[in-house]
Amino acid sequence: MSTHHLFATRASRMKASEIRELLKLLDQPGIISFAGGIPDPALFPVEGFANAFQVALGVDQQAQSLQYSVSEGYVPLREWIAEHMRQIGVECDIDNVLITSGSQQALDYLGKLYLSPGDTALVGWPTYLGALAAFNAYEPRFDRISINGNRGAAEYRSGAGEGAVKFAYLSPDFANPTGETVDLRGREALLDLAEELDCAIIEDGAYQALRYEGEAIPPILSLELARKGSLESCRTIYCGSFSKTLSPGLRVGWVVAAKPIISQLVLMKQAADLHSATINQMAVYQVARASFDTHIPMLRNVYGVRRDAMLAALEEYMPKEVQWTKPEGGMFVWITLPSGMDGADLLSRALETVKVAFVPGQAFFPDETGANTIRLSFSNSDEDTIREGIRRLGEVLCR
């Protein structure tokens, strides 16, 4: 007997991730995949984690590593994160830090915390698919952030109808899916807009450490802190992650925000999963403390070369009607195909004829526009594979 008729209304808004479904197809032999935005497993600090887990399971620590723990997270790791945040311009202490099971969990919690049905979430157009999935369950409407455009607070409010504009979500550094970065002027403008709207800002810093060229731009939270003098007065919430730098499989992320916000998120954590895996937090702490400062430059060198290889190959093999972004960091290049071309159709043809995979862009748009866009990831392929994959894709586009 089916119980579907008993589901909450929010269940109808939950959709399978197109990326997760696509990854199931990639076990075919010979596929060159630019689809998953995933780190190269060959670059994981495996030896460091092996040693860290051995220490965590030793006689001195096993009673802690295998036991229940506090919802806020492992104290030494929170202390390390607080110091890391200070280094990028955010003065905070451990009471401003919550450990989450990846930053994806943080997005879900923040959607739950802020969104009532009919409220508005401001997002990029396109934006991170996982954020749309996390927020969508709480039945919001989505509106487009226009940071350097001419839309003012009054227009956003009028578009919100009976609901309220609750937050603006963005990944300001090397965004997923576009690879684009919000400049300093844009970050300041967003802070101004949030003040006018009296809404929060959710700053997704998943790729912040992966810069390959250009000068680092202060996080939005850092800029707001400079304005207001205290983190407790800030409306920006910073979400960080070790998934793109150390390991995605351990599912360790964090939130930095004013203490009242952290307190509310802790209550959600207690209701959801009590706490993130203690042993994973301990292992991440040991590896971050021992090698984060040397591991990140290595990642930048490797991924930077791969980005350059993809941009060079696109220049060589793409038809002149195709356009693409030129990211300063991160893992993605965003492709705009000629008007009228469909990315999903191109994927089907590319898989069938030349065994190249990527992500069609339409899924990243809340209104399901953008059919003539695709996302390519360069992080998990070497330079020769990137060149060959782009050559093959260019062949399909030229047919």
Side-chain angles (χ1 to χ4, degrees), residues 14-41 124-133 136 174-180 303 305-327 330-399:
M14 298 177 185
K15 300 178 181 179
S17 165
E18 291 199 13
I19 298 173
R20 294 286 174 257
E21 295 300 311
L22 178 60
L23 292 176
K24 297 176 183 177
L25 304 175
L26 303 184
D27 292 334
Q28 304 173 32
I31 291 285
I32 294 178
S33 176
F34 301 133
I38 58 179
D40 186 343
W125 227 264
T127 196
Y128 171 47
L129 180 57
L132 293 178
N136 208 30
F174 333 120
N176 180 359
T178 65
E180 294 177 328
Y303 291 150
V305 169
R306 293 177 182 180
R307 179 210 57 173
D308 293 345
M310 179 167 281
L311 293 177
L314 288 167
E315 192 70 43
E316 182 173 358
Y317 294 116
M318 285 296 109
K320 64 180 181 179
E321 301 84 4
V322 175
Q323 299 177 318
W324 56 89
T325 58
K326 297 176 173 61
M331 294 182 170
F332 306 108
V333 175
W334 183 247
I335 307 292
T336 302
L337 305 169
S339 179
M341 185 172 286
D342 187 276
D345 176 67
L346 178 64
L347 173 63
S348 178
R349 290 190 287 126
L351 282 171
E352 182 179 354
T353 61
V354 296
K355 293 191 173 183
V356 173
F358 51 83
V359 181
Q362 191 170 31
F364 298 96
F365 291 84
D367 60 354
E368 298 185 344
T369 55
N372 68 320
T373 58
I374 65 175
R375 189 195 76 179
L376 304 180
S377 174
F378 52 80
S379 56
N380 198 26
S381 301
D382 62 34
E383 299 93 284
D384 290 340
T385 302
I386 289 170
R387 179 179 173 83
E388 175 61 17
I390 297 300
R391 185 192 68 78
R392 293 184 194 180
L393 187 58
E395 280 186 2
V396 178
L397 282 165
C398 290
R399 288 173 186 168

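Because only heavy atoms are used, hydrogens play no part in the values below, and waters and symmetry mates are left out as well, while side chains stay in.
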Visitor: How many angstroms lie between CZ in F34 and CZ in F378, if you round to the nearest 0.5 Å?
Guide: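 It is 11.5 Å, given to the nearest 0.5 Å.
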
Visitor: What is the distance from atom CD of Q362 to atom CG of D367, rounded to the nearest 0.5 Å?
Guide: 9.0 Å

Visitor: Flag the pair V322 / P338 as yes when at least one side-chain heavy-atom distance between them is below 4.5 Å, and no otherwise.
Guide: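 Contact flag for V322/P338 side chains = yes.
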
Visitor: Fit a plane to each ring of F365 and W334, take the angle between them on a 0 to 90° scale, and name the class: parallel (under 30°), tilted (30 to 60°) or perpendicular (over 60°).
Guide: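 Taking W334 first and then F365, their aromatic rings sit tilted (interplane angle of 30° to 60°).
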
Visitor: Donor-acceptor pair, distance only, cut-off 3.5 Å: does the side chain of N176 make one with the backbone of Y128?
Guide: no

Visitor: Is a side-chain N or O of R375 found less than 3.5 angstrom from the main chain of P177, in a donor-acceptor match?
Guide: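 Looks like no, no N/O pair under 3.5 Å.
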
Visitor: Write down the atom of K355, the atom of R392, and the distance for their closest heavy-atom approach.
Guide: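 Where K355 meets R392 most closely, the heavy atoms are O-NH1, 3.9 Å.
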
Visitor: Could you go through R391 and E388, starting from their C-alpha distance and side-chain angles, then the distance that decides it, and tell me whether this counts as salt bridge (charged side-chain N to carboxylate O under 4.0 Å, His left out)?
Guide: CA-CA 5 Å; R391 185 192 68 78; E388 175 61 17; 2.7 Å; yes

Visitor: Any chance you could measure I390, atom CD1, to I335, atom CD1, to the nearest 0.5 Å?
Guide: 6.5 Å

Visitor: Could you walk me through whether L337 and L397 satisfy the side chain to side chain contact (heavy atoms under 4.5 Å, CB included) test, starting with their C-alpha distance in whole Å, then the side-chain angles of each, then the deciding distance to 0.1 Å, before giving a yes or no?
Guide: CA-CA 9 Å; L337 305 169; L397 282 165; 4.0 Å; yes

Visitor: For the backbone of Q323 and the side chain of T336, can you confirm whether one donor and one acceptor N or O come within less than 3.5 Å of each other?
Guide: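 No: the side chain of T336 does not pair with the backbone of Q323.
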
Visitor: Between M331 and G37, what is the shortest heavy-atom contact and its length?
Guide: SD-O, 3.9 Å

Visitor: Side-chain donor-acceptor pair under 3.5 Å between Y317 and R387, yes or no?
Guide: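 The answer is yes; a qualifying pair exists.
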
Visitor: Determine yes or no for a side-chain-to-main-chain donor-acceptor pair under 3.5 angstrom, with S377 supplying the side chain and A35 the backbone.
Guide: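 Not a single qualifying donor-acceptor pair exists.
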
Visitor: Return the minimal non-hydrogen interatomic distance between G124 and P366, and the atom names on each side.
Guide: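 The pair with the smallest heavy-atom distance is O-CD, 4.4 Å.
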
Visitor: Restricting to non-hydrogen atoms, name the atom on V333 and the atom on T325 that form the minimum distance, rounded to 0.1 Å.
Guide: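 Heavy-atom minimum between the residues: CG1-O, 3.5 Å.
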
Visitor: Between OH of Y303 and CG of D308, what distance do you get to the nearest 0.5 Å?
Guide: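 Reported to 0.5 Å precision, the distance equals 15.0 Å.
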
Visitor: Over all heavy atoms of both residues, which pair between I31 and A357 is shortest? Give the atoms and the distance, please.
Guide: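 Residues I31 and A357, closest heavy atoms: CG2-CB, 4.2 Å.
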
Visitor: Taking it one step at a time, do L132 and F364 satisfy side chain to side chain contact (heavy atoms under 4.5 Å, CB included)?
Guide: CA-CA 8 Å; L132 293 178; F364 298 96; 5.7 Å; no

Visitor: Looking only at non-hydrogen atoms, find the nearest pair between I386 and A309 and report the distance.
Guide: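 Result for this residue pair: CG2-C, 4.0 Å.
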
Visitor: State the CG-CG distance between D40 and D382, to the nearest 0.5 angstrom.
Guide: 8.5 Å

Visitor: Any side-chain heavy atom of L346 sitting closer than 4.5 Å to one from P360?
Guide: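 Contact flag for L346/P360 side chains = no.
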
Visitor: If I take atom CE from residue M310 and atom CZ from residue F332, how far apart are they, to the nearest 0.5 angstrom?
Guide: 10.5 Å

Visitor: Might you work through the side chain to side chain contact (heavy atoms under 4.5 Å, CB included) test for L347 and I374, ending with a clear yes or no?
Guide: CA-CA 9 Å; L347 173 63; I374 65 175; over 6 Å; no

Visitor: Apply side chain to side chain contact (heavy atoms under 4.5 Å, CB included) to the pair V354 and L393, showing each step before the final yes or no.
Guide: CA-CA 7 Å; V354 296; L393 187 58; 5.9 Å; no

Visitor: Do S339 and E321 come close enough that some side-chain heavy atom pair is under 4.5 Å?
Guide: no

